[in-house]
Amino acid sequence: MQDAGFVLKVKQRWQVLRVEVLSERHLARLLCRWKTETRDAGMRNFERWEILDYIIHPAMADPDKIPQGVDYDGQVAALVAWIQTRIQWMDQNIEQINGSPDLTGSARWNEYG
């Protein structure tokens, strides 16, 4: 990313999203709701397709970092752990994108971008 203006907007947008839409609290509520809403369909999925012993998505393939679930609840827990790990990685690495200074005190994006 060589466009410093674009890099600055990416960093600013990430900060706004982390406070609102991608906050730990908001994500936890969403994931809990979705788990409840999809429970029946998830159970039918695992009855129809015997995939619980298989790694379906390569990003979740590191068993030392993210456990693979042996049932619906375990699969949801694995997905939640992957999301949490990814968010933490983004938090730790977003400032390393070249092209702009620290965002402290910078103008934030509004709801339109």
Any side-chain heavy-atom pair from [X] and [Y] closer than 4.5 angstrom?
{"X": "Y72", "Y": "T38", "value": "yes"}
{"X": "W34", "Y": "L30", "value": "yes"}
{"X": "R13", "Y": "V16", "value": "yes"}

>> Filter on salt bridge (Lys or Arg N to Asp or Glu O under 4.0 Å), then keep only pairs touching residues 18-32, sequence neighbours left out; what's left?
In response: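 Counting only pairs at least two positions apart or across chains, the salt bridge (Lys or Arg N to Asp or Glu O under 4.0 Å) contacts touching residues 18-32 are R18-E24, R18-D91.
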
>> Tell me if a side-chain donor or acceptor on N93 pairs with a main-chain N or O of W89 at a distance below 3.5 Å.
In response: yes

At what distance, to the nearest 0.5 angstrom, does [atom1] of [X] lie from [atom2] of [Y]?
{"X": "M90", "Y": "T85", "atom1": "CE", "atom2": "OG1", "answer": "13.5 Å"}
{"X": "I83", "Y": "Q88", "atom1": "CD1", "atom2": "CD", "answer": "12.0 Å"}
{"X": "D3", "Y": "K9", "atom1": "CG", "atom2": "NZ", "answer": "8.5 Å"}

> Which atom names give the shortest non-hydrogen contact between L27 and L22, and what distance separates them?
Replying inline: CD1-O, 3.6 Å

>> So which atom in D73 and which in K35 form the shortest heavy-atom distance, rounded to 0.1 Å?
In response: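 Heavy-atom minimum between the residues: OD1-CE, 3.0 Å.
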
